[in-house]
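Take a look at the structure set out below.
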Amino acid sequence: MPVQNAEIAAMFDQTAELLEIKGDNPFRSRAYRNAARVIERLPKSITTLLKAGEDLSELPGIGKDLAGKIATIVATQKFDVLDRLKRELPGDLGEIAALPGLGPKRVKLLYDRLGVHSLEDLRRAIRSGRLRKLRGFGAKSEEKLAAALAKPQAEKRFKLAEAEGEAEAMLAYLRSSAGLDQAVIAGSFRRRRDTVGDLDILVTARDGASVGERLTKYENVASVLAHGPTRTTVVLRSQLQVDLRVVPKPSYGAALLYFTGSKAHNIALRGIANDRGWKLNEYGLFADKRRIAGATEDEIYRKLGIAAIPPEMREDRGEIALAKTGKLPKLITLGDIRGDLHVHSNWSDGTAPIAEMAAAAQARDYAYIAITDHSHHVTVAHGLDAARLARQIDEIDRLNEKLEGFTVLKGAEVDILADGNLDFPDKVLSKLDFVVAAVHYKFDLSRKAQTERLIRAMDNRHVSIIAHPTGRLINEREPYELDMEAIIAAAAARGCHLELNADPDRLDLTDIHAHTAKAAGVKLAISTDAHSIGGLGNVRFGVDQARRAWLEAADVINAQPLSRLKKLLKR
DNA sequence: GCCGTTTTCGGCCCGACTGTTTTCAGTCG
């Protein structure tokens, strides 16, 4: 098994961690961390790149030295720098540094002075009263660390849709504060990541301190972690952390930029400011002490001489280079979507009749919808057999005769059997406008077998779209083992499309995979997999994810008019 | 360890809050 990108990234992260604890040059450890981020989001595996003879030092943040080290890791599965550091600083120092309030400096102090090599050592140091005697530690540190050690370290990220529910309720509460001007959720929530680790709220107000005060009294607050005049951090009962920041109005744009992130994007922007001899912080863009921009984000981007970058793209994945040359993609919007290509009715496990789903789609100003009920192998969903499918096709034909300016397409979500064969024979499939194929059973095949299974399904020319390609359910089920690089290449070669499932529990493909697919020339379908009328509304989550993947309307088949869509569905 | 239209040295993002200290280092985002 070749070394995965994620494994190399993890080695570099560990190396950075230990270098920090050791007290090595901080910029050296930063270089390892930067390289780890670059590697983990590469669209292709390092192994593939090396085989193709690519020069890894061409990658941003990776120079001659790290390129050589990566090649050695791939060849030997070992990283001598990390191995040496581990021998030098034995134990689980990474776990210790992950505790809140402990960073590299304090971990080193604990290691040197108290011989703390593990979480268990730390527990003992606390019990024996030695910790609080250490310079820089006291009763508070002891208490907080004891609490952190007592509860399991399940660092949870929240699904975007879950966070939205929390955010809306809290915003409504805060907006009733006296003197509140603006309140907006920034952070990864505004970048529309599939999951968020916390909520970052930015506020402008006449009396900022009182807004922070009000947040600490919110009924859903479980604990207050920090509370100052301009910044307050609380944890909600749901365990979602909330950071509130108050800034004066002329700084709103700068603060929004800063608080939206990503951190890596901000660092890159600050680098541009530095190059011009300016300084960028959350209060504005400054030449000496003079603020030259700050009220809006656009103003700051303009002053920096680059195009304004949409929040969804702010990940330092190459967007800044595009903005410098004015070549940012024109990201797809909700208004570009003309139909939904994965929808269930009450013929299988949906709740509404076909006519009602169609009417709801028309109400959304769509031009078409595809009914794609399950095939019979998916018995738990009352999958259709060939006879029922034939009757459903008749019903849709009759419905289409009555509809004007709107078309119901005849599809099916056909189960991909373990061997890659489909759950209907070609004779049945040929009666449909197109087929969505998906895996519903046997998630535990080997990576090789699972990949072959999906490619085999794509070999069938009736299959136009592979639905929820990795099968993941966020926070509930891991994606099945799959060589996505091979899947995308196979889809490109066959003119098959991949789904970006918009269900907020799935969001499958991920942003990175969707971006890779686009780069490979594969088009995507942003589909809701709706099982009810309300489910159609999830399309916005799919569009958010698509924007994170840099998709434009041209990359998305259901952003095309019906005539063009029909051509794209034919293979 | 990376990087470069102020290049091969000398930089590398920036500020708020906490705890412990008595003026600030460390952590965090």
Side-chain angles (χ1 to χ4, degrees), chain A residues 12 15-16 19-21 23-38 56-70 81 96-110 131-145 148 186-189 196-202 208-209 212 216 224-234 241-247 251 254-255 257-286 304-305 316 320 324:
Chain A
F12 281 6
T15 303
L19 286 172
E20 280 169 1
I21 292 170
D24 203 287
N25 176 359
F27 297 106
R28 185 170 168 229
S29 59
R30 184 190 292 178
Y32 276 104
R33 281 201 200 281
N34 287 343
R37 300 289 77 71
V38 169
L56 298 181
S57 71
E58 298 280 309
L59 293 168
I62 293 175
K64 286 273 173 285
D65 182 84
L66 284 181
K69 287 187 164 107
I70 294 167
V81 175
I96 301 172
L99 292 170
L102 286 189
K105 294 284 197 319
R106 279 153 63 100
V107 169
K108 183 67 160 43
L109 196 64
L110 290 170
L131 182 96
R132 63 160 75 191
K133 295 208 183 78
L134 204 57
R135 188 180 173 82
F137 289 81
K140 271 276 172 62
S141 307
E142 180 185 285
E143 189 188 322
K144 284 192 171 175
L145 285 174
S188 51
F189 182 92
V196 302
D198 59 15
L199 287 180
D200 302 297
I201 309 184
L202 177 68
T216 65
V224 179
L225 294 186
H227 179 40
T230 66
R231 184 168 174 164
T232 301
T233 301
V234 302
Q241 183 171 315
V242 178
D243 294 320
L244 175 89
R245 186 73 181 265
V246 186
V247 296
S251 297
L257 194 62
Y258 160 79
F259 230 15
T260 297
S262 67
K263 189 174 167 174
H265 180 84
N266 286 345
I267 288 173
L269 289 186
R270 286 169 181 188
I272 297 176
N274 282 351
D275 290 345
R276 287 165 165 67
W278 299 333
K279 190 173 74 168
L280 178 62
N281 59 28
E282 59 263 55
Y283 297 109
L285 181 62
F286 295 89
L304 290 175
D316 193 24
I320 291 175
K324 278 180 178 165

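Each chain gets a letter, A, B and so on, in the order its sequence line appears, and its residues count up from 1. Here the structure is a predicted model, which is why all the values come from computation and not from measurement.
- Its glycosidic angle being within 90° of 0, dT7(B) falls on the syn side.
- Closest heavy-atom contact between A16(A) and Y32(A): CB-CB, 3.9 Å.
- Taking atom P on both nucleotides, dC17(B) is separated from dC12(B) by 25 Å, rounded to a whole Å.
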Please tabulate, one pair per line, all N/O donor-acceptor pairs under 3.5 Å involving side-chain atoms of residues 262-272 of chain A, not counting sequence neighbours.
from: S262(A); atom 1: OG; to: H265(A); atom 2: N; distance (Å): 3.3
from: S262(A); atom 1: OG; to: R314(A); atom 2: O; distance (Å): 3.0
from: H265(A); atom 1: ND1; to: E319(A); atom 2: OE2; distance (Å): 2.8
from: H265(A); atom 1: NE2; to: Y301(A); atom 2: OH; distance (Å): 2.9
from: N266(A); atom 1: ND2; to: Y258(A); atom 2: O; distance (Å): 2.9
from: R270(A); atom 1: NE; to: L280(A); atom 2: O; distance (Å): 3.2

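- Residue pairs meeting the side chain to side chain donor-acceptor pair (under 3.5 Å) criterion with at least one member in residues 97-109 of chain A, sequence neighbours excluded: K108(A)-D112(A).
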Exercise for review: Indicate for each nucleotide in nucleotides 19-29 of chain B, in 5' to 3' sequence, whether protein heavy atoms under 4.0 Å reach the base (B), only the sugar-phosphate (S), or nothing (-).
Suggested key: SS-----SSSB
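- A distance of 6.5 Å separates CG in L304(A) from CH2 in W278(A), rounded to the nearest 0.5 Å.
- One atom, CD1 of I320(A), and another, P of dC13(B), lie 13 Å apart when rounded to the nearest Å.
- The base-pairing partner of dC24(B), taking Watson-Crick or G-U wobble contacts with both distances under 3.5 Å, is dG19(B).
- With both ends at atom C1', the span from dT22(B) to dC9(B) equals 40 Å, rounded to whole Å.
- Taking atom P in both dG15(B) and dT5(B), one finds a spacing of 25 Å when rounded to whole Å.
- Taking atom P on both dT27(B) and dT20(B), the two are 13 Å apart, rounded to the nearest angstrom.
- For the P atoms, the distance linking dT7(B) with dG1(B) amounts to 25 Å, nearest Å.
- The phosphate of dG15(B) (OP1 or OP2) has a side-chain N or O of N281(A) nearer than 4.0 angstrom.
- With rounding to the nearest 0.5 Å, the separation of NZ in K140(A) from CG in L145(A) is 13.0 Å.
- Nearest heavy atom pair, residue T260(A) against residue A186(A), reads OG1-CB, 3.6 Å.
- Rounded to a whole angstrom, the distance from the C1' atom of dG10(B) to that of dA16(B) is 29 Å.
- For the P atoms, the distance linking dC13(B) with dG4(B) amounts to 14 Å, nearest Å.
- The phosphate of dA16(B) has OP1 or OP2 within less than 4.0 Å of a side-chain N or O from Y283(A).
- The CH2 atom of W278(A) sits 17 Å away from the C1' atom of dC13(B) (whole-angstrom rounding).
- For the ring pair (Phe, Tyr, Trp, His ring centres under 6.0 Å) test, no residue two or more places apart in sequence or in another chain qualifies with F189(A).
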**Study point:** Nucleic acid footprint by protein, nucleotides 1-10 of chain B - heavy-atom cut-off 4.0 Å, B for base, S for sugar-phosphate alone
**Key:** BSS--B----
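- Among residue pairs with one or both ends in residues 224-234 of chain A, those qualifying as side chain to side chain donor-acceptor pair (under 3.5 Å) are E213(A)-H227(A), H227(A)-T232(A), T233(A)-D243(A); sequence neighbours excluded.
- Residues L131(A) and L110(A) have side chains in contact (heavy-atom distance under 4.5 Å, counting atoms from C-beta outward).
- Using a 4.5 Å heavy-atom threshold, the side chains of F259(A) and V247(A) count as separate.
- Counting to the nearest Å, the C1' atom of dC12(B) and the CG atom of N34(A) are 10 Å from each other.
- Taking atom C1' in both dT6(B) and dT18(B), one finds a spacing of 40 Å when rounded to whole Å.
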